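Excluded from the calculations below are hydrogen atoms, water molecules and symmetry mates; all remaining heavy atoms, backbone and side chain alike, are included. Numbering of ligands and ligand atoms starts at 1, following listing order. Fair warning: this is a prediction, and the values are worked out from it, not measured in the lab.
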Amino acid sequence: LDLKEKISPLKFQPILLKKIWGGQKLHSLLGKGARGSEKIGESWELSGLPSNPSIISEGQFEGESLLDLIEKFKDQLLGKKVYSGFKGKFPLLFKFIDAAEDLSIQVHPKQDQADPKTEMWYIIQADSGSTLFSGFSKNLTGEDFQSYFENGQLLDILNRDEVNEYDAFYLPSGRIHTIGKGLLLAEIQQSSDTTYRIYDFDRVDDFGKKRELHVNEARSSLDFSEVGSNRKHVPPKIGSSDLIFSPFFNTRIWKASKEQKQAIENGKDSFLVLMTLKGGGSIRWKDGSLELKKGETTLIPAVIEKLELITDTEIVLLETWIP
Ligand SMILES: [Zn+2]
């Protein structure tokens, strides 16, 4: 470690992924990518997956990968408990998602399986009449599920929620779900890229091909006790409000009005991640300051324990850390 180098808050190049269900809102509402880009479904804001790691976009570490910085700064970046508990791996994945069409109905591996994934969504914008599926609508056995599925009645046994801006959804691994069309959201999840697709609405891609389904794998991951809605409506209020607290990540929402200062205390022995959803401002810490802009994601190293949030306009942001 070069002693002259000091870790500071980091911003990243978004990793933009084209999807058959993607749209234009990542550009039009969050300023991602080029105007007119077709069907961009996901912006990976912060990823430590070795197959697709985030690259630092500005400052003294511009061009370096998150993985290199973790190797260099270890627990100063991640926190002592996180660094040892996750063996130097970055434990979470942060995305913005624009669903112009429904995503596939899917499930992720459970906590006792390989690559488990619990996730949460916070709705940034919803077209009127938007809905999504999350959980089953009634108690079922694996055999019940199989017969509904084979009879083409899967949608009849899923819980469907109406969705509005500022709704939050917690999706423990094993809970069946899909994001519905018309939704722009922030997704925070365990670092895993394993999705078992159960049903894809019989859609075909530009080449007339259907996407692969993984019904057998999905069946072993489905949790049939995940029944009914768990939607929460949490509009931002001045100061911070708790959004989702779970064994895997804790997330709060912050709001500050024009020309205000708020202290964000870390001291949680974890990194913090700030996703700016609306407005803009800056953060200030002992050794410097950094601007925050709508649509940007910022990683605050664990070693920076005190931050001040200073607003220009009103600002709304999500703060996430490892409990
Ligand atoms: Zn999912």
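A continuous path of hydrophobic side-chain contacts links Phe271 to Ile244 [ILVMFWY only; heavy atoms under 4.5 Å].
More than 12 non-hydrogen atoms from other residues, nucleotides or ligands lie less than 6.0 angstrom from CD of Gln153.
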Before you tell me yes or no, could you show the steps for Asn52 and Ser47 under side chain to side chain donor-acceptor pair (under 3.5 Å), namely the whole-Å CA-CA distance, both residues' side-chain angles and the distance that decides it to 0.1 Å? CA-CA 7 Å; Asn52 216 349; Ser47 159; over 6 Å; no

Under the side-chain contact (heavy atoms from CB on, under 4.5 Å) criterion, do Phe12 and Leu299 qualify, and how do the steps go? CA-CA 9 Å; Phe12 303 88; Leu299 174 59; 3.7 Å; yes

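Protein nitrogen, oxygen and sulfur atoms, that is N, O or S, within less than 2.8 Å of the Zn ion (ligand 1) amount to 4.
Rounding to the nearest 0.5 Å gives a distance of 8.5 Å between CG of Leu93 and OG of Ser192.
Listed by first and then second residue, the ring-ring contact (aromatic ring centres under 6.0 Å, His included) pairs that reach into residues 22-56 come to none, sequence neighbours excluded.
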